[in-house]
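The structure under discussion appears below in the form of structure tokens.
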Number of protein chains: 2
Amino acid sequence: MANKIKFERDEVIRTAGQLFWQKGFNATSTRDLQNAINMRPGSIYAAFGSKEGLYSEAIKDYAQLMQGQLITALNEHESVLNGLAAFVKKVLIEDAQCAPSKLCMLVKANYEFTEDEPTLKLLSTDLANKFEAFLTAQFEKAQQYKELDTKTAAVEYARYFQIQFTGLRSYLNRPNTHALAGPLIEQMFSSIKQL
Amino acid sequence: MANKIKFERDEVIRTAGQLFWQKGFNATSTRDLQNAINMRPGSIYAAFGSKEGLYSEAIKDYAQLMQGQLITALNEHESVLNGLAAFVKKVLIEDAQCAPSKLCMLVKANYEFTEDEPTLKLLSTDLANKFEAFLTAQFEKAQQYKELDTKTAAVEYARYFQIQFTGLRSYLNRPNTHALAGPLIEQMFSSIKQL
DNA sequence: TTTGATTTTGAGCAACTGTTCAAGTTAAAA
DNA sequence: TTTTAACTTGAACAGTTGCTCAAAATCAAA
């Protein structure tokens, strides 16, 4: 007894997310979004409430997608550290060409949002903390498997990993640095083992 | 034979820079700037040409200020590594409270600008490269003073330093992480020495 | 085939954006 | 004191922004 929704919600969120990831929240206009997802303002606002609402869905989707990629990489390797390295290589080398940005969308959010966008600042912080918790669990596993020393707490490994990963992505965002990706990833993991 | 300029150019650039540093380029409106520097549009555009022009001056000023702080820290310490550590501590611990942002304005620029802002993207890249060159020179000095092994090239030390520093600042931008600053800086420098 | 709840459309609003420029103000030089 | 080039002012413009809402389109149920 009604008209049916004519768009695939997940697909729309994914496409909008690609734009947001590339240009950031502020630099993405609602007209940009309308064109990208091929929806008129009325439909967008009926489905997502606001530009902020759509962005929220998009960044949550991104975080879930990333965690999914990490889980896949971990499943494909016996060693936790090898799984983590495979994930980092996939993101920084394979996906680097086709992804909307070389930077992590979560970190980009962390850079963009200040106290005058409290909702989105909080959301990005929350997603980052959840990712850290997931990483910590993985490093605990690595310690159980005797891959890493237990003198350093798992959460410290997780922090160190994120600092390395974020710093590395930021550096590789500069022009003409692609060739450095491989060696710098090696360096990253050898320094993790030395922690 | 004229009216005199009534504003201190350097002071205006500094104040505008603080706003840009805090909110980013896109989120800072020209009205925000007008209020902050207490100038009317006509004067601003006569002096700086455009919002981009003012931002350019501001980010160049920031880079120079930072390099000045680093030089000061290096002069106050016999050891290059101790000088670098003092600089990092000053930025991440002392200045962290009062600075407009916990993040580096150059890196923030690197995160914000895409190919549709080619001028500012290029400028931020250029300033980052110049900072790397300066850092490389310092690590060369550290090697000459036998503070660091010469097996690793100075430019690799400089890259590693930047990756650590950027990653660390990004991490410390998260809420409730201030207490971690000290230990993480120690960790950073012990890992540099192990490189 | 009609009904009616639901979704889609897109013109358009009010606020904000970066920027311009004619008019006013200033102060050194004549 | 007058002149005049330089600087400041702020109203206003044209374009963009996020968003609304009445009207049109849609389709399952009656």
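Proteins come first, then strands; the chains are lettered A, B, ... in the order of their sequence lines, and each starts at number 1.
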Under 3.5 Å side-chain donor-acceptor pair for T72(A) and N75(A): no

Spacing of E117(B) atom CD relative to dG18(C) atom P, expressed in whole Å: 11 Å

Nearest-angstrom distance from the residue atom CD1 of I44(A) to P of dC21(D): 17 Å

Sugar-phosphate, base or nothing in reach of S29(B), heavy atoms under 4.0 Å: sugar-phosphate

Distance in angstrom units between L33(A) CG and dT17(D) P, rounded: 11 Å

5'-most by nearest nucleotide on DNA chain D - A27(A) or P41(A): A27(A)

Length of the line joining K51(B):NZ and dG15(D):P, which is rounded to integer Å: 19 Å

Whichever hydrophobic residues join Y111(A) through chains of side-chain contacts under 4.5 Å: L103(A), V107(A), L103(B), V107(B), Y111(B)

Nearest-nucleotide pick for R40(B), side chain only, options being dC13(D), dG18(D), dG10(D): dG10(D)

Between Q162(A) and R174(B): side-chain donor-acceptor atoms closer than 3.5 Å: yes

Atom-to-atom span, CG of N26(B) to P of dT16(D) - whole angstrom: 15 Å

R31(A) (side chain) and dT16(D) (base): donor-acceptor pair under 3.5 Å: no

Interatomic distance where CD1 belongs to I37(B) and P belongs to dT8(D) [whole Å]: 11 Å

Y45(B) side chain near dT20(C) phosphate (N/O to OP1/OP2, under 4.0 Å): no

Q194(B)-S191(A) side chain donor-acceptor pair, cut-off 3.5 Å: no

Closest-nucleotide ordering on DNA chain C, the 5'-leading residue of F7(A) and Q34(B): F7(A)

Whole-Å gap separating C1' (dT9(D)) and CG (N38(B)): 12 Å

Rounded interatomic separation in angstrom, taking CG from D116(A) and C1' from dC16(C): 16 Å

Pair Q164(B), Y160(B): side-chain N/O donor-acceptor within cut-off below 3.5 Å: yes

